[in-house]
Amino acid sequence: MNRTIITVVGKDTVGIIAKVCTYLAENKVNILDISQTIVQEYFNMMMIVDMTNLEKPFEETAEELTAIGLEMGVQVKCQREEIFDMMHRI
């Protein structure tokens, strides 16, 4: 399995989850787990996804997700699970 962590952070607005999930579905990325919260007007979402069936380079997908975030005024980060784990190891 090719697991990846996607995080979305920023001011809450209509359609954040829909736009990110639509992009993932169109690119054959399966959502394994998702958690989202809104604290006052700030949105925070973390997803664990399986990119095994992705048909384009990982880097291109990460750039496209970043661009989707910029359009909505939020920050979207896409990291391979092993990189995410190393960065957040205590």
Side-chain angles (χ1 to χ4, degrees):
M1 190 178 306
N2 186 358
R3 289 167 47 125
T4 300
I5 310 300
I6 298 172
T7 56
V8 182
V9 178
K11 284 255 192 179
D12 188 31
T13 186
V14 174
I16 296 173
I17 297 171
K19 286 182 184 177
V20 173
C21 290
T22 297
Y23 174 85
L24 295 175
E26 289 171 350
N27 287 279
K28 301 179 183 168
V29 176
N30 186 36
I31 298 169
L32 302 172
D33 199 358
I34 182 172
S35 172
Q36 65 92 27
T37 58
I38 299 171
V39 178
Q40 294 185 12
E41 71 268 15
Y42 296 98
F43 179 86
N44 184 16
M45 178 170 67
M46 181 175 178
M47 307 171 86
I48 301 173
V49 301
D50 177 9
M51 292 194 167
T52 301
N53 296 320
L54 185 66
E55 296 177 345
K56 60 175 82 173
F58 174 85
E59 294 75 16
E60 183 179 342
T61 301
E63 289 172 7
E64 290 174 354
L65 283 166
T66 298
I68 289 170
L70 289 173
E71 290 173 12
M72 295 183 290
V74 297
Q75 183 180 51
V76 180
K77 287 191 178 181
C78 187
Q79 296 177 299
R80 296 186 189 275
E81 183 179 41
E82 58 271 13
I83 303 292
F84 184 88
D85 287 345
M86 289 217 177
M87 289 179 59
H88 294 90
R89 199 171 4 166
I90 297 176

Is any side-chain heavy atom of [X] closer than 4.5 Å to a side-chain heavy atom of [Y]?
X: Val9; Y: Tyr42; answer: no
X: Ile6; Y: Val49; answer: yes
X: Val29; Y: Thr4; answer: no
X: Val20; Y: Met47; answer: yes
X: Ile48; Y: Ile5; answer: yes

Start with the C-alpha gap between Glu64 and Lys56, add the side-chain angles, then the distance that decides, and say whether salt bridge (Lys or Arg N to Asp or Glu O under 4.0 Å) holds.
CA-CA 11 Å; Glu64 290 174 354; Lys56 60 175 82 173; 2.8 Å; yes
Between [atom1] of [X] and [atom2] of [Y], what distance do you get to the nearest 0.5 Å?
X: Ile34; Y: Ile17; atom1: CD1; atom2: CD1; answer: 5.5 Å
X: Asp50; Y: Ile31; atom1: CG; atom2: CD1; answer: 11.5 Å
X: Gln75; Y: Phe43; atom1: CD; atom2: CZ; answer: 13.5 Å
X: Met45; Y: Asp12; atom1: CE; atom2: CG; answer: 11.0 Å
X: Thr13; Y: Glu41; atom1: OG1; atom2: CD; answer: 12.0 Å
X: Arg80; Y: Asn2; atom1: CZ; atom2: CG; answer: 5.5 Å

Check against side chain to side chain contact (heavy atoms under 4.5 Å, CB included), Thr61 and Leu54:
CA-CA 9 Å; Thr61 301; Leu54 185 66; 3.3 Å; yes
Following the transitive rule for hydrophobic clusters with a side-chain heavy-atom cut-off under 4.5 Å over Ile, Leu, Val, Met, Phe, Trp and Tyr, establish whether [X] and [Y] coincide in one cluster.
X: Leu65; Y: Leu32; result: no
X: Met51; Y: Ile68; result: yes
X: Val74; Y: Met46; result: no
X: Phe58; Y: Val76; result: yes

Nearest heavy-atom contact between Gln40 and Ile38 is O-CG2, 3.2 Å
